[in-house]
Amino acid sequence: MSDVRRPWPIGSRPGKLAMIGAGALLIGGLSVGPVAFGAAAPPVYPASELNKPSPIPDRIILTPTTTPSGSQKVTWRAEATADTAQAQILEAPRALGQVLPAAGAVKTVMAGASTPVNTTLGYASTYHTVEFSGLKPNTRYTYRVGDGTNWSAWTDFTTAAAGFQPFSFIYYGDAQNYIDSAVPRVFRQAFADRPQARAIVNAGDLIDSANSEEQWGQWFRAGGFIDSQVNNISIPGNHEYSNGLSTFWRPQFPYPDNGPGNAELKQTAYTVDYQGVRFIGLDSNYQSNATLMAAQTSWLEGLLKDNPNKWTVVTLHHPVYSTTGTRNNPQVRDQWGPLFEKYGVDLVLQGHDHSYGRGNVQTARKSATVHNGVVYVVSVSGGKMYALNNGENWTGNGAEAVSTSQNTQLYQLIDVEADSIRFESRYANGEHHDGFLVRKNGNGERTVNEIRTAENTVGEQVAVDKTTVEKKGSLKVSAYGYDPSEQVTVRLRAAADVSAAERGKGDGHGDVEIGRAQADELGRLTYDLRLPANVKDGTYVVYLESQNQKITSPVVTVTKK
């Protein structure tokens, strides 16, 4: 049987309808249907109706506890009383519906909090929170929320492993604007690319108006079912504040109350350890408040100094190094930046500037493609954009901007392994924008490697300890950017042959092979090169050839004794 779809014949009823529709398109350009013939446009469906709560749960979201391997919080909105709001949970079965759970398999947990929030649309939205406890590590569970009569659909989540285990998470910069139109495709594409993600990090400004019921409704609809099965780790941006923190924040996001201890910072500065990663959320909205900044600085240093996790990810809203020309955050940079560097934070994930920037401090640079410092990232997921400033706030403050972009909506996919973190930023249409690989050994030493391209795996990237050496002398050679244990051939090549090779004419037949070397677990290579007796005086380069790189040193002059 053919799968080819044939056009409707003109004489058929569908064909006639198609002809009418086509005529409407031709007459009205992009307009179709009654509007093309002068009928009034339908009214906008009122936000008060669209966002009105009912007994059926919505806005269901997971937030982590301090023990994510054994417990889980879930929050939802519904018209339900404090004494009826509840959830049910069981280990994820192979089937539900006509297949009933075994007797005693389903556990019912009453809501621990039910908080009404007065809204701008003339009614209250009540948020309920349940904490499931006594769960098994690394186990898939099925749950639903409701009032005992009106229930959500059954939804699954998986608890964290008790110790380290590889996992992925997603990071977004500001959603804030066009939340109902442009943001949903970003959220959906990110989840399509990492459906196994265990967490989503939002670096603030989830919405534009702190207390807008309409905008919070748009944000929850943009995430849809994703929020109900992936843990959310968010911190507030400046748009979550309006004469104080949004009245929606704590009822929606009951994060751990383990921050510095100040009432203003409750559940806006907090920390979660998840499968070998310490996540730290900071509230950068208090830069003008010396007391709250000092409290966070002291708390942050304690978390970084005494950290049993191999990896550390910090998220805050206002960037350490801004990508836009009109912004600068010296209090953040001066108080928190040195701690990030001192204690080897791996990723600092930020928002606020509605553009993309990624870089590091200049002193961390080791080669054209490798540094060993903290990676600072600014990103945006929403539809409002700001212009870049050519990296002036980076270079003017001792840092470098490696990758920047404007007028782009982005999401970031972060894959955590035992010895590496892979970071990739993608556009809303799923295309690659930027990426790098962090490697770290058991001693805490680290390299941050650009994703390889044909252009960045050649050229002058080999360092030597001297550029003049006597015959039969020696050089100390170093290079970066290899795979762990990658095999490298070390050669001397006449400097004249290098320029010829770059023009596509050299064949390397005049090279002198010196020996073989092997990169370490971080992709670093060091080699003590002793010049053989048959090397004549003249100018050379050290040429390192491997499966992934063909790189050279600066010109080395070999002289007679």
Side-chain angles (χ1 to χ4, degrees), residues 321 340-341 344-347 357-377 391 394-395 398-404 419-425 434-441 443-469 474-493 495 498-499 501-502 508 511 514-529 540-556:
Y321 304 101
F340 299 156
E341 298 293 334
V345 169
D346 298 294
L347 302 176
R358 189 259 297 182
N360 49 272
V361 298
Q362 293 167 350
T363 55
R365 177 61 53 191
K366 294 301 177 183
S367 75
T369 62
V370 177
H371 70 85
N372 66 353
V374 180
V375 183
Y376 299 89
V377 185
W394 297 67
T395 56
E400 57 184 15
V402 177
S403 175
T404 59
D419 299 318
S420 67
I421 289 179
R422 185 183 184 276
F423 180 108
E424 184 182 5
S425 181
D434 180 42
F436 57 88
L437 182 70
V438 184
R439 292 193 179 102
K440 186 186 285 188
N441 63 20
N443 297 323
E445 297 174 303
R446 171 180 56 202
T447 58
V448 180
N449 305 263
E450 298 296 311
I451 290 180
R452 294 192 187 104
T453 66
E455 293 75 26
N456 70 15
T457 52
V458 297
E460 189 179 301
Q461 299 187 44
V462 181
V464 290
D465 66 339
K466 62 186 79 168
T467 55
T468 301
V469 60
S474 62
L475 294 169
K476 188 174 291 293
V477 177
S478 61
Y480 292 82
Y482 297 101
D483 283 344
S485 302
E486 187 171 341
Q487 299 296 313
V488 182
T489 301
V490 182
R491 295 187 173 96
L492 271 185
R493 173 173 287 183
V498 174
S499 59
E502 289 172 348
D511 292 356
I514 304 298
R516 303 292 178 90
Q518 179 175 291
D520 70 5
E521 73 275 16
L522 299 182
R524 305 174 297 190
L525 181 142
T526 57
Y527 186 81
D528 291 322
L529 187 158
Y540 298 84
V541 296
V542 179
Y543 177 65
L544 303 184
E545 183 177 25
S546 71
Q547 178 180 349
N548 292 310
Q549 298 192 121
K550 295 177 175 59
I551 54 179
T552 62
S553 72
V555 172
V556 176

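Heavy-atom basis, side chains included; hydrogens, waters and symmetry copies ignored.
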**Message:** Set out, in order, the CA-CA distance, both residues' side-chain angles and the distance that settles side chain to side chain contact (heavy atoms under 4.5 Å, CB included) for Arg365 and Val448, then state yes or no.
**Reply:** CA-CA 9 Å; Arg365 177 61 53 191; Val448 180; over 6 Å; no
(request) Given side chain to side chain contact (heavy atoms under 4.5 Å, CB included), test Ile551 with Tyr482 step by step and report yes or no. (result) CA-CA 11 Å; Ile551 54 179; Tyr482 297 101; 3.6 Å; yes
Practice task
Evaluate the side chain to side chain contact (heavy atoms under 4.5 Å, CB included) criterion for residues Val361 and Val374: first the C-alpha distance (whole Å), next the side-chain angles of each, then the deciding distance (0.1 Å), finally the verdict.
Solution key: CA-CA 8 Å; Val361 298; Val374 180; over 6 Å; no
query = Would you call Leu544 and Gln549 a side-chain contact if the rule is heavy atoms closer than 4.5 Å?
reply = no
With side chains defined as the heavy atoms from C-beta onward, is the minimum distance between Asp346 and Phe340 less than 4.5 Å? no
### Side chain to side chain, Gln461 and Thr369, heavy atoms closer than 4.5 Å
yes
### Task
Compare all side-chain heavy atoms of Val556 with those of Leu475 and state whether any distance is below 4.5 angstrom.
yes
Between Arg491 and Glu545, does any side-chain N to carboxylate O distance fall below 4.0 Å? yes
For Val488 and Ser546 the tightest heavy-atom approach is CG2-CB, 4.0 Å
On a heavy-atom basis, the closest approach of Ser553 and Val464 is CB-CG1, 3.9 Å
Do Lys366 and Thr447 have side-chain heavy atoms sitting under 4.5 Å apart? no
message = Is any side-chain heavy atom of Tyr376 closer than 4.5 Å to one of Leu347?
response = no
- Query: Are more than 12 heavy atoms from other residues, nucleotides or ligands located less than 6.0 Å from atom NZ of Lys466?
  - Reply: yes
Practice item. Mark yes or no for whether Glu400, through its side chain, and Gln362, through its backbone, hold a donor-acceptor pair below 3.5 Å. Key: no
Nearest heavy-atom contact between Val377 and Arg358 is CG2-CG, 3.8 Å
Taken to the nearest 0.5 Å, the spacing of Tyr480 OH from Asp520 CG works out to 9.0 Å
Between the CH2 atom in Trp394 and the OG1 atom in Thr404, the distance rounded to the nearest 0.5 Å is 9.5 Å
*Pair Arg422 + Glu424: basic N to acidic O under 4.0 Å*: yes
Check: Are any side-chain N or O atoms of Arg439 and backbone N or O atoms of Asn441, one a donor and one an acceptor, separated by less than 3.5 Å?
Finding: no
- Task: Take Leu437 and Ile421 through the test side chain to side chain contact (heavy atoms under 4.5 Å, CB included) and record every step on the way to the result.
- Result: CA-CA 6 Å; Leu437 182 70; Ile421 289 179; over 6 Å; no
In plain terms, say whether Glu445 and Arg524 are close enough for a salt bridge, that is, a side-chain N and a carboxylate O under 4.0 Å apart. yes
**Leu492 side chain reached by Tyr543 side chain, heavy atoms, under 4.5 Å** = no
From the list Asn449, Asn360, Thr363, side chain to side chain donor-acceptor pair (under 3.5 Å) partner of His371 resolves to Asn360
Checklist entry - Where the side chain of Arg452 meets the backbone of Gly481, is there a donor-acceptor pair that is under 3.5 Å apart? => result yes
The reported gap from CG in Asp528 to CG in Asp465 (rounded to nearest 0.5 angstrom) is 8.5 Å
Side chain to side chain contact (heavy atoms under 4.5 Å, CB included) test vs Phe436 passes for just one of Val370, Val375, Val402, namely Val375
Can Asp419 and Lys440 be counted as an ion pair, charged N to O under 4.0 angstrom? no
Notebook entry, point to check: Under a 4.5 Å cut-off applied to non-hydrogen side-chain atoms, are Pro554 and Glu460 in contact?
Noted result: yes
Shortest non-hydrogen pair, Ser403 vs Asp434, comes out as OG-CG, 3.4 Å
Correct closest heavy-atom pair for Tyr527 and Ala517 would be CD1-CB, 3.7 Å
- prompt: Looking only at atom types and distance, does a side-chain atom of Asn456 sit under 3.5 Å from a main-chain N or O of Ile451, one as donor and one as acceptor?
  reply: yes
Tightest non-hydrogen contact, residues Gln547 and Glu486, listed as N-OE2, 3.5 Å
